[in-house]
Colleague: 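One structure follows; several queries about it will come next.
Chain letters run A, B, ... following the sequence lines, proteins first and then strands; every chain starts at 1.
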Amino acid sequence: MPHPTLPLGLRRALCLAAAALSSLSQAAPTVSRLTPPSELFTSGQPAPVIARFLPGQRFDLQATLRPDAGQRIVSARFSIDGVPVNAPTALHECGTACIKGVPAEAAIATVRALSVSRPGLHQFEVQATQGDRQTVSARGNFEVLPYAPGAGPKVRNLIILLGDGLGIAQRTAARVVRGGYAQGKVIEPLAMDSFPATAFVKTASLDSIVTDSSPGMTAYVLGNKNNNNEEGVFPDDTLDAFDNPRIEYLAEFLHRTQGKALGLVTTAEVFDATPAGNAVHTSNRSAGTGIVDQFFDDRHLTGLSVLMGGGRRWFLPAGTPGSTRAERNDYAFSTTEPHTADLVKRWGAAPGRVDLQRDLLADFQQAGFAYAPDKSTLDAIDPRRADKLLGLFNLSNMNVALDKIDGRRARQHGLTEPSVVDDHGFPDQPMLDEMAAKALAVLQRQSKGFVLMIEGASIDKQAHAMDTERWLLETLEFDRAVKVAQDFAREHGDTLVIVTADHECSGAALIGGSRVSDAELQALAQAGGSENLRDKVVGTYGQAGFPRYTIAADGYPASTNIDRRMLIGYGANADRYEDWRTNPRPLREGGHPFVKQEPLASYPATPMARDADGRYLVTGQVRGTAAAHTGADVPLSAFGPGAWQFVGVIDNTDVFFRLAQAAVQGPPAGPGASSVKPRRRAGP
Amino acid sequence: MIARATPSGWRRGLVAASLALAALAAGADEAAVLTLKFSDFHQQPVGPRGLALGKQLLAAHGRTVRIVGYMVASEQPQPGRFQLTARPVRLSEHADGDADDLPPATVLVLLDASQADQVVPQRDGLIALTGTLAVGRREEADGRVSWVRLQLPADATRRAFALPIKAGTSLAHTH
């Protein structure tokens with residue numbers, strides 16, 4: 001490098017000479033990926049800052065280093081703010097273990113489980129040397145956010161209610177059905193509508209304006225963006241789905257620093273993206289075997305004490321019929337190769353094992369978890385005697401609320417015709433609010449408090465199917481769980497509750513109400529065509545009026561096929577036939593073991609098959625048969641101490657820092673006060 | 001007609017095979033053929049753990065069986081095999097991976113070894129297949145676990161006109 005004190009002309013000449021010499025020799029090695037992700041590395045711009053952490057929150061540093069042809073990377077080291085990182089750097093040559101396009105001689109340099117305590121913007125750098133001593137360096141940045149002074153006691157418990165796909169239209173529509181309107185005023189609000197603070201949440205993921213459920217969930221409990229399909233990790237260049245750079249989850253951070261427990265309750269399979277996105281670190285949300293294993297293996301890191309939902313098939317030994325445990329989606333870390341051995345040494349993670357015959361159900365039970373395969377058993381578990389609970393109520397996703405309620409009503413009335421839940425082989429499944437109540441009863445025994453995530457999973461799944469009544473009742477079921485959590489928080493006073501969504505699904509729109517009775521609607525469906533099912537049915541503006549549903553004693557509509565019913569349209573829809581009436585059977589849930597028995601034979605296979613009698617085809621704007629997620633903001637409402645932090649238009653990652661603020665320092669003073677402020681200046 | 005085997009460009013399946021359904025039953029000894037229903041696969045309701053395989057299914061192991069079902073529509077068709085189940089199913093392997101909608105009572109249908117590089121194009125509607133049934137867990141090369149397999153004879157397929165398989169026809173979704 002020319003000396004800065006040399007005359008300018010001479011320096012330029014020396015630079016040109018050096019460049020000429022360089023062009024004759026090999027190019028220098030390069031850095032093709034630097035983690036945590038930053039605009040400083042990607043575009044050279046210091047803002048916006050992509051990665052943000054709590055003081056002391058753990059994360060990994062990583063770089064993908066590409067040497068010249070015939071060379072190897074022989075060393076790499078990281079520094080933060082110019083100070084070498086005081087931790088070992090694992091250097092892992094790709095060989096055949098990296099993704100397409102990354103050469104075999106490339107090396108992955110990683111420092112595991114680092115944390116920074118000093119708040120502020122930090123620069124980090126990787127410097128690497130290849131065999132001929134040529135070097136390369138690259139810089140990125142991240143921010144450590146400070147806590148604000150707490151203005152009240154620390155919050156003991158955090159409850160996150162996640163309505164998967166619950167956008168504003170889904171919430172409004174559920175309010176119309178559940179509470180009803182009189183002359184423009186709501187007769188009875190939803191529980192989530194009674195929360196005192198509400199924000200709009202921006203939901204984009206690390207790699208798209210439209211997130212899927214993995215990064216949609218993890219942003220709330222990591223403070224960072226993940227790629228779609230990934231949970232608890234930053235993207236990397238290796239093929240291993242479990243070796244990515246990790247970020248410490250809220251539950252892990254609060255378990256490590258405060259001893260809090262974790263509860264996960266969902267109506268989906270428990271390995272699904274939303275529950276796993278609170279405790280499992282993987283770049284493959286579909287890796288069922290490894291995900292459920294890691295739930296158990298790393299419970300000492302997460303404090304996992306309650307796990308309820310569907311997905312029993314992953315917990316059964318491979319020899320048990322119905323098991324889907326598979327070698328390809330299990331996980332195991334080498335304890336000698338530093339790249340993964342440091343996950344064990346520095347994170348304290350379990351090494352894992354490819355163990356298809358593992359009886360994970362028995363492992364949970366032997367570890368002290370009470371096990372409930374159905375509602376009756378769940379009811380019988382005495383929370384005074386059980387401090388850990390596993391509930392697996394279906395082999396795949398649990399049946400949806402509409403069908404569970406239909407099954408209960410059929411039994412109450414002594415009907416002998418099998419209901420949907422009978423057909424699926426699981427006639428005794430609990431409702432989400434019942435699961436939530438039991439989870440809280442168990443978790444409230446935790447001496448250090450808890451983090452509890454409760455997911456209404458099939459709001460999204462039924463919105464994908466554009467099955468209006470089914471996602472409506474899913475939302476009502478979810479709101480009943482919200483009320484359970486709110487009542488708990490009201491009683492205990494030390495619990496902060498938020499209710500939100502990971503993303504909106506289907507572009508649902510409350511377009512109005514039917515202008516006809518249900519009997520007339522059926523007749524128009526028989527006649528068919530848009531001239532009948534659209535022109536004579538769809539009432540907009542004043543024609544919509546106020547649809548009035550009768551709520552039965554069980555809390556759900558006595559019937560969804562009412563006169564002058566509410567009508568929903570879809571903005572991110574696939575092609576579908578529409579007759580506005582409740583579909584008598586759910587779309588096929590292929591994971592259920594008895595789907596092909598004769599009682600299910602009449603179930604429609606796709607939205608196109610459903611309602612086709614009416615011949616009113618609504619042309620879709622997305623390909624296929626399923627509606628898509630949208631990039632619209634979602635509402636978030638908060639209740640309890642610190643609720644006023646959740647106002648304005650905020651990023652989904654902001655939520656993490658406000659939850660942590662409440663649990664670590666106590667809520668800050670004043671409505672809207674927060675330690676999270678947008679950073680506009682460039683540089684540290 | 002050239003059929004593209006997979007969206008990833010894997011092109012071993014240069015010649016697609018289509019099912020010669022009408023010929024299936026003709027070659028089989030009617031008396032030796034056992035008719036099997038998907039509803040025979042499991043007992044219900046499901047207990048606290050896994051599935052209890054049905055007696056009819058277990059008795060069919062190693063036998064020549066005839067079964068009627070729907071060919072599973074796959075986003076990434078595999079040469080030499082396809083899946084059959086009792087109701088129409090569309091897979092979206094790219095989005096859902098192993099978290100798919102296949103019921104446990106799915107039959108993995110295997111073409112004859114001489115046709116291992118051939119792709120059977122998607123066909124809708126019920127189809128009847130006759131072959132040798134095998135019951136028991138097997139982890140396939142793609143990581144999926146199969147519990148029931150149906151080995152077709154060589155004359156179950158024939159090289160014929162087939163529509164090209166469209167790439168990116170996923171009908172499933174992430175959630």
Colleague: Give a yes or no on whether the backbone of A/Ser323 and the side-chain of B/Trp147 come within a donor-acceptor separation of less than 3.5 Å.
Modeller: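 Yes, B/Trp147 side chain to A/Ser323 backbone: donor-acceptor pair under 3.5 Å.
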
Colleague: Where is the tightest heavy-atom contact between A/Glu327 and B/Glu139, given as atom of each residue plus distance?
Modeller: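 Taking A/Glu327 first and B/Glu139 second, the nearest heavy atoms are N-OE2, 2.8 Å.
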
Colleague: What part of A/Leu392 gets closer than 4.5 Å to chain B, counting heavy atoms only: side chain, backbone, both or neither?
Modeller: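 Answer is neither: A/Leu392 stays 4.5 Å or more from chain B.
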
Colleague: Could you pull out all residues at least two apart from A/Gln365 that satisfy side chain to side chain contact (heavy atoms under 4.5 Å, CB included)?
Modeller: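 For A/Gln365, the residues satisfying side chain to side chain contact (heavy atoms under 4.5 Å, CB included) (neighbours in sequence not counted) are A/Leu361, A/Tyr371.
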
Colleague: Between A/Pro321 and chain B, which part of the residue has a heavy atom less than 4.5 Å away: side chain, backbone, both or neither?
Modeller: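 Contact with chain B: backbone and side chain both.
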
Colleague: Closest approach of A/Pro427 and B/Pro45, non-hydrogen atoms and distance?
Modeller: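 Minimum heavy-atom separation between A/Pro427 and B/Pro45: CD-CB, 4.0 Å.
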
Colleague: Mind checking side chain to side chain contact (heavy atoms under 4.5 Å, CB included) for A/Ala362 and listing every partner two or more places apart, or none if nothing turns up?
Modeller: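 Here the qualifying residues are A/Asp359, A/Gln366.
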
Colleague: Would you mind reporting whether A/Arg325 and B/Val145 have side-chain heavy atoms less than 4.5 Å apart?
Modeller: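 No, every pair of side-chain atoms sits at 4.5 Å or beyond.
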
Colleague: Taking every heavy-atom pair that is under 4.5 Å apart, which of A/Gly165, A/Cys505, A/Pro373, A/Ala318 has the most such pairs with chain B?
Modeller: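 With the most close heavy-atom pairs to chain B, the winner is A/Ala318.
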
Colleague: Go through the steps for A/Thr320 and B/Arg137 under the test side-chain contact (heavy atoms from CB on, under 4.5 Å), then give the verdict.
Modeller: CA-CA 9 Å; A/Thr320 300; B/Arg137 181 189 182 279; over 6 Å; no

Colleague: Got B/Leu51 and A/Leu395 here, is their nearest side-chain heavy-atom distance under 4.5 Å?
Modeller: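 Yes, at least one pair of side-chain atoms sits under 4.5 Å.
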
